[in-house]
Amino acid sequence: MYLSKKEEKMYAGEYGEPIRKAMEILVAIGDTYDAEHFIKIKKAHIAGLSYKTHGDAGLEYIKILNKENASVCIPTTLNVIGVDRFRWKKLGLPEDWARKQLQILKAYENMGCIGSCSCTPYYHGVLPTFGEHIAWAESSAVVFSNSIIGARDNREGGPSALSTALTGRTPFYGYHLEENRFGHYLINVDEKLEDVHDFGALGVYLGRLIGDKIPVFQGLEKSASLGSLVALGAGLASSGSIAMYHAVGLTPEAKTLEKAFGGKKPMETIDIGKKEMKNACQSLTSASDGDVEFVALGCPHCSLQQIKQIATLLSGKEVHKDVKLWVYTSIPIRALAEKLGYVGLIEKAGGTVTSDMCTVLGCPEKLKFKTMATNSGKMAFYAPASNKLDVWYGSTEECIDAAVKGRWEA
Ligand code: F3S
């Protein structure tokens, strides 16, 4: 890999040990993927902060970086952590776990990261521009930035995103290059998808089929909202390792089918109709007993509009006494929703609007929930293995109904 004079000095340790270690990681990645040089980056988003994934070894490593005075050199946002920093006691999350988690968060804040923890930083104003090269981790945010904005981002991991945050550089390969951004599979959607749960399920269904390839959707323009496109990307990135998709007429690099495929023919065409959608949704339900103790909404983190929808659905109702309803979002979106009265409506009905955290990367299993209802394809895909939860999968409306009745009756 070619290094500029400054990059050579960074690599040699002349700018300190944290930068040297970061360059070592980035050069190794660049060499692995045959990158010829670095590009400069102006935004990073670091994932992998949960104590569940960091563990004690990760916490020790990040503390060492603090001792070495590591500091980020570009605007750097953080992904979710495993607890809500303001409400973990109220939620009943274990103290030792929460304290370790908050130490991890503090260590990243000490390095200059923006301490609002969310997988949807784009909902509160952290938006790259079309064509901008970024280094975001968090697979759902990667798909969002590549597909919906047309920014250029590889599926960064926590260590690589942190290394870019420290150096302002990433190796120039993969989705940073125009030629790697064209579609492979044509997906004809001949069914009106109704809610985020349909889009999330379609994403998980296709991720299982096409691995890391780029799907090009035709037919989504009939029903897609921003939230549903986010859910689609999160689903694709969870069961597959997909980093971007195109939707003809909706996403910026797919003005036409020809543009989305770069003038080439699709490798294969997959038709999605009623039968495929039914299979996709049913495959995400793993529960059989109808009792529901936990309802989780907001994976990826809710937008203001989605919180408003939950508040409206709960209006005049009460969450069942044996059910916990947790809504996940970021600190800024929660603050807006509170000002607008949506948080008050949800909490008056017995739900809780959390910030910072999520189910999959948190520890709801420590609260011994057995059965969860959710509208998120990504959460339904991960929760059985990650959180030992049986899942009922359905629309936001069906999830609220389960929260009120304590049973899944859809
Ligand atoms: Fe976000 Fe956690 Fe879901 S990081 S996308 S809420 S698994």
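For the numbers below, each heavy atom of this structure counts, side chains included, while hydrogens, waters and symmetry mates do not.
- By the side-chain hydrogen bond (donor to acceptor under 3.5 Å, both in side chains) test, Asn387 pairs with Glu365, sequence neighbours left out.
- The residue from Val295, Asn375, Leu297 that alone fulfils the side-chain contact (heavy atoms from CB on, under 4.5 Å) condition with Ile400 is Leu297.
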Evaluation steps, side-chain hydrogen bond (donor to acceptor under 3.5 Å, both in side chains), between Tyr328 and Thr359: CA-CA 9 Å; Tyr328 300 98; Thr359 289; 2.3 Å; yes
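- Note: Tyr122 and Trp136 have parallel aromatic rings, judged against thresholds of 30 and 60 degrees for the angle between ring planes.
- Across all non-hydrogen atoms, the minimal contact from Met277 to Asp198 is CE-O, 3.3 Å.
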Stepwise side chain to side chain contact (heavy atoms under 4.5 Å, CB included) test for Tyr173 and Ile29: CA-CA 10 Å; Tyr173 75 99; Ile29 294 170; 3.6 Å; yes
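- Contact between Leu91 and Leu367 at its shortest, heavy atoms only, is O-CD1, 3.5 Å.
- Between Trp97 and Tyr51, the two ring planes are perpendicular [angle over 60°; tilted spans 30° to 60°].
- Between Trp392 and Trp408, the ring planes lie parallel to each other; the angle is under 30°, not in the 30° to 60° tilted range.
- In this pair, His176 and Phe172 present their aromatic rings tilted. The plane angle is within the 30 to 60° band.
- Between the Arg181 side chain and the Tyr175 main chain, a donor and an acceptor come within less than 3.5 Å of each other.
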Audit row: Thr374, Leu284, side chain to side chain contact (heavy atoms under 4.5 Å, CB included) steps and yes/no: CA-CA 10 Å; Thr374 187; Leu284 290 170; over 6 Å; no
Mind listing the side-chain donor-acceptor pairs of residues 254-273 below 3.5 Å, one per line with the distance, residues two or more places apart or on another chain?
from: Lys255; atom 1: NZ; to: Pro252; atom 2: O; distance (Å): 3.4
from: Thr256; atom 1: OG1; to: Lys259; atom 2: N; distance (Å): 3.1
from: Asp271; atom 1: OD1; to: Asn188; atom 2: ND2; distance (Å): 3.4

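- Within a 6.0 Å sphere centred on NZ of Lys324, other residues, nucleotides and ligands contribute 12 heavy atoms or fewer.
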N/O donor to acceptor pairs below 3.5 angstrom from side-chain atoms of residues 8-17, sequence neighbours left out:
from: Glu17; atom 1: OE1; to: Arg20; atom 2: NE; distance (Å): 3.0
from: Glu17; atom 1: OE2; to: Arg20; atom 2: NH2; distance (Å): 2.9

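- Under the 4.0 Å criterion applied to side-chain N and carboxylate O atoms, Lys43 and Glu156 are not assigned as salt-bridge partners.
- A 6.0 Å sphere centred on NZ of Lys308 holds no more than 12 heavy atoms belonging to other residues, nucleotides or ligands.
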Show the numbers, then the answer: is there a side-chain hydrogen bond (donor to acceptor under 3.5 Å, both in side chains) between His45 and Thr77? CA-CA 5 Å; His45 181 75; Thr77 42; 2.8 Å; yes
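- For the pair Gly150 and Glu253, the tightest heavy-atom approach, listed with the atom from each and the gap, is CA-OE2, 3.4 Å.
- Dense packing is recorded around CD of Glu347, with more than 12 heavy atoms of other residues, nucleotides or ligands lying under 6.0 Å away.
- Thr329 places no side-chain N or O within 3.5 Å of a backbone atom of Ser355 that could act as its donor or acceptor partner.
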